[in-house]
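These numbers come from a predicted model, not from an experiment.
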Amino acid sequence: MSKLLSLSPEHFSAEALPAPGTGATVCLEMLDGKQLDGELRTFQADRQRCLIRAADASIDTSVPFARMRWLRFESPLESLRAHHGEGELFDIQYQDQGRLQGSCYEFRHDSSGLHLLAGQEDGGIRRLFVPLASVDRYRVGGYQGQGGTAPSASPAEADADAPARTAQELLSRFASGRVGPPRGTERAFRQLEQSPGHSPRELAQRLGLPFVDLREFDVDVHALSLVPEEFARTHRVLPLLFLHGRLVVAMGNPADPELLSMLHLVSGRSVDSVVAEDADLQGAIDRYYGVHEDSGTLDELETVAQRELEHSLPVQEVERLGKEKPVVRLVNSILLDAIHRGASDIHLRPGEKKVELLFRQDGTLVHVRDLAKMLLPAVVARIKIIGRMNIAERRLPQDGRARMVERGTVVDMRISVIPTVDGESVVIRLLNASAGLRTIDELGFNPRDAEVFTDLLHKSYGMLLVTGPTGSGKSTTLYAALQEVKKQNVNIITIEDPVEYHVEDVQQIQVNTAPGFTFARALRNILRHDPDVVMVGEIRDQETAKIAVESALTGHLVLSTLHTNDAPTSVTRLIEMGVESFLVKSSLLGVLAQRLVRLNCPHCQTREPVDPLMRKALGVSKDEIFHHATGCPECNQTGYHGRKAVYELLLLTPALRALLTPTVAADTLREQAVRDGMVPLTTNAIELARTGAISLAEAYRVRLE
């Protein structure tokens with residue numbers, strides 16, 4: 001073989017190793033030794049899986065990379081042998097102690113795995129894909145690496161390709177002469193504009209610029225003062241430091257001479273550019289421009305706030321604190337940072353000596369930073385102003401709401417302020433319609449259950465319940481159901497507390513318990529408003545339950561939630577609330593019980609050490625391999641990236657209806673539902689863990705029985 005291919009993407013052989021295409025005939029071997037022959041339908045590197053349709057099957061089989069040993073493309077490439085000559089050996093060792101060896105004629109590596117043109121036993125050459133998710137370590141010719149990591153070459157090459165994480169690394173690269181301002185002037189810029197789609201790292205390589213990891217970079221505060229915050233946010237740039245009188249600025253696209261000229265005019269300095277990821281840029285802008293404000297004014301605010309601890313300040317003084325420019329910017333930066341990170345909640349948790357700022361991301365509380373305790377009164381006052389709450393009231397809990405627009409997206413905020421012994425604690429729920437509104441296809445149903453659930457939504461009358469604890473995604477599922485029902489051109493009215501997302505063409509009512517406008521009263525009144533579909537936010541009491549059931553019996557489709565642990569218990573809960581069993585039998589269509597599980601971060605996924613007691617409790621054999629994530633900068637060291645619902649869908653079949661009596665037990669209903677085809681939630685969670693999407697510990701956490 002002449003030489004293994006360079007690791008730089010532009011040097012890959014386009015003919016020999018293109019991106020995996022669909023429609024190819026392939027053979028796949030699993031870690032358990034089973035093989036699957038068929039047609040490659042989808043290769044999803046970002047989701048770490050592929051879909052294959054076997055020759056004798058009518059549906060696609062989803063195979064996660066974590067359970068795959070190799071994927072072979074059956075089309076031979078005989079002409080390559082004469083071109084490349086002799087191959088070089090490769091040796092791949094898997095996490096289950098398995099091994100794969102052979103000769104390689106071309107080689108490419110990306111975030112999903114190893115792409116090889118490998119010699120076969122029949123003498124032919126075929127393309128082979130080996131996912132890193134199942135690999136322990138490997139060697140291909142002169143390159144070697146571990147599962148989930150790029151192959152290592154010479155130290156000099158590794159240093160040049162690695163992102164700079166400190167000012168010292170960045171300065172050394174400028175000083176070495178290996179990198180500098182964009183080269184190639186206008187011609188290079190025009191070439192890049194004509195060939196879009198490059199990643200920031202590839203742009204850095206093309207232009208010979210450093211690639212900077214802003215998640216660990218320590219920015220010079222004095223450099224920030226040269227570029228106004230509004231300019232930095234509008235053009236997505238971040239000044240980093242000074243170098244020999246020149247300002248070094250991170251940006252997503254340095255191939256923009258007009259932006260460099262504007263930076264020169266705004267800052268009054270000559271500008272050198274470096275490259276950073278767009279998402280990292282936004283987070284760093286939020287972080288640094290929010291923290292490094294006018295330090296003198298913040299010191300003054302702390303002094304004034306200290307007096308509040310000793311002597312209660314007048315309401316006017318507290319309000320003034322909340323309107324000071326640095327506090328306004330600090331609170332705004334916290335809100336923007338949370339939105340850009342995709343957080344669902346913001347927590348300001350006061351302690352004895354400091355205030356802890358946390359974001360809830362993917363269901364996990366993530367520590368963001370600590371604020372000085374003296375700033376708490378000013379920050380809480382600003383939040384109360386935003387939520388139109390009473391600034392003077394500091395002894396009773398308060399609720400407020402607000403709305404902001406970020407990048408054309410409307411984000412609703414639900415604000416809760418509660419007094420504690422260490423000061424007022426604040427929680428802000430962020431409701432992002434673009435992120436929260438899903439369709440049925442995006443909920444994660446398997447094909448059978450998606451068809452059953454959609455069919456229930458097309459019924460003209462009856463009641464469909466979604467159940468689970470707080471934070472299990474019930475509202476998301478109901479809103480997805482509304483999106484499906486809307487297609488039928490019907491009159492839809494919802495009763496909610498609160499209205500979480502505003503849906504076009506749906507009449508939404510906010511419950512107000514103070515004057516007595518409860519779920520039951522609202523439901524009783526809207527039935528005279530000629531609805532076809534009614535969504536009740538929650539069935540909390542006997543009166544609401546009875547009216548909902550009666551509505552379902554009189555020609556309305558009723559969607560609602562109920563707080564029970566599983567689907568069969570929801571049926572018995574309605575009977576316990578005072579609804580006659582024969583009415584439940586006639587009105588209830590089905591019950592969906594669900595939980596949210598946290599998905600493994602694909603960037604730091606590794607083999608999971610499973611406790612024997614956990615295996616025994618879940619009925620999992622000791623030989624099965626599962627995966628978890630250990631935490632990395634991509635997932636903020638949490639090990640999780642996104643969430644997904646696991647569920648059990650109970651359909652009221654004739655056999656189940658026959659069992660409904662005032663004294664029926666939930667266990668009896670469960671046994672019959674399983675015989676009728678219901679897959680228990682725990683079983684669904686274990687199957688998801690087997691794909692590598694979640695850890696077995698996560699399946700154990702949400703188990704029902």
Is it true that E496 and Q510 share a donor-acceptor pair across their side chains at a distance under 3.5 Å? no
Verify, without hydrogens or angle tests, whether R703 (side chain) and Y700 (backbone) share a donor-acceptor contact under 3.5 angstrom. yes
For V664, does its backbone N or O pair with a side-chain atom of T668 as donor and acceptor, under 3.5 Å? no
Go through the side-chain N and O atoms of D532 and Q488 and say whether any donor and acceptor fall under 3.5 Å apart. no
With heavy-atom distances below 4.5 Å as the criterion, would you say the side chains of L431 and R414 are in contact? yes
State, with a plain yes or no, whether a side-chain heavy atom of V591 is found less than 4.5 Å away from one of V466. no
Under a 3.5 Å distance rule, please check whether E648 uses its side chain to pair with a backbone N or O of A567 as donor and acceptor. yes
Are L650 and P568 close enough that some pair of their side-chain heavy atoms sits under 4.5 Å apart? yes
Can you establish whether the number of heavy atoms outside H458 located under 6.0 Å from its atom NE2 is more than 12? yes
Around atom CZ of F517, are there more than 12 heavy atoms of other residues, nucleotides or ligands at under 6.0 Å? yes
Quick check against the 3.5 Å criterion: does T569 have a side-chain atom that pairs as donor or acceptor with the backbone of N565? no
Exam field: side chain Q398 to backbone E393, donor-acceptor pair closer than 3.5 Å: yes
Salt bridge (charged side-chain N to carboxylate O under 4.0 Å, His left out) between R615 and D611, worked out: CA-CA 7 Å; R615 289 184 184 271; D611 189 288; over 6 Å; no
Whether over 12 other heavy atoms sit under 6.0 Å from E442 CD: yes
Sub-4.5 Å side-chain heavy-atom contact between L335 and M404: yes
Taking T554 for its side chain and E550 for its backbone only, find out whether a donor-acceptor pair lies under 3.5 Å. yes
Solution key, residues 518-528 side-chain donor-acceptor pairs under 3.5 Å, sequence neighbours excluded:
from: T518; atom 1: OG1; to: R521; atom 2: N; distance (Å): 3.3
from: R524; atom 1: NH2; to: E543; atom 2: OE2; distance (Å): 2.2
from: N525; atom 1: OD1; to: R528; atom 2: NH2; distance (Å): 3.0
from: N525; atom 1: ND2; to: R521; atom 2: O; distance (Å): 2.7

Any heavy-atom pair between the side chains of L559 and V536 that's under 4.5 Å? no
Show me the pairs that pass side chain to side chain donor-acceptor pair (under 3.5 Å) and involve residues 345-364, at least two apart or across chains. D345-R429, K354-D370, E356-H367, T364-R598
Other residues, nucleotides, ligands: >12 heavy atoms within 6.0 Å of H556 NE2: yes
Run the side-chain hydrogen bond (donor to acceptor under 3.5 Å, both in side chains) test against S586 and tell me which residues pass, sequence neighbours left out. none
Considering only heavy atoms from C-beta outward, does the side chain of K384 approach that of I415 to under 4.5 Å? no
Under 3.5 Å, is there a donor-acceptor pair between the side chain of K644 and the main chain of L688? no
Among T561, T564, L592, I539, which residue satisfies the side-chain contact (heavy atoms from CB on, under 4.5 Å) criterion with L465? I539
Does E698 form a side-chain hydrogen bond (donor to acceptor under 3.5 Å, both in side chains) with N600? I'd like the steps, not just the answer. CA-CA 10 Å; E698 191 71 1; N600 288 333; over 6 Å; no
Residues in side-chain hydrogen bond (donor to acceptor under 3.5 Å, both in side chains) contact with S416, at least two apart in sequence or another chain: none
Going by salt bridge (charged side-chain N to carboxylate O under 4.0 Å, His left out), name the pairs with one or both residues in residues 677-687, residues two or more places apart or in two chains. E687-R690
Answer yes or no: is there a donor N or O on one side and an acceptor on the other, between the side chain of S425 and the main chain of I418, under 3.5 Å? no
Do side-chain atoms of Q594 reach the backbone of G473 as a donor and acceptor pair under 3.5 angstrom? yes
Tell me whether K585 contacts the main-chain N or O of A658 through its side chain, where contact means a donor paired with an acceptor under 3.5 Å. no
Please examine the side chains of R670 and L704, heavy atoms only from C-beta on, and report whether any two atoms are closer than 4.5 Å. yes
Using ring pair (Phe, Tyr, Trp, His ring centres under 6.0 Å) as the criterion, list what pairs up with F445, not counting sequence neighbours. F453, Y647
Between E484 and T439, is there a side-chain heavy-atom distance shorter than 4.5 Å? no
For residues I575 and S581, report the shortest heavy-atom separation together with the two atoms involved. CD1-CB, 4.0 Å
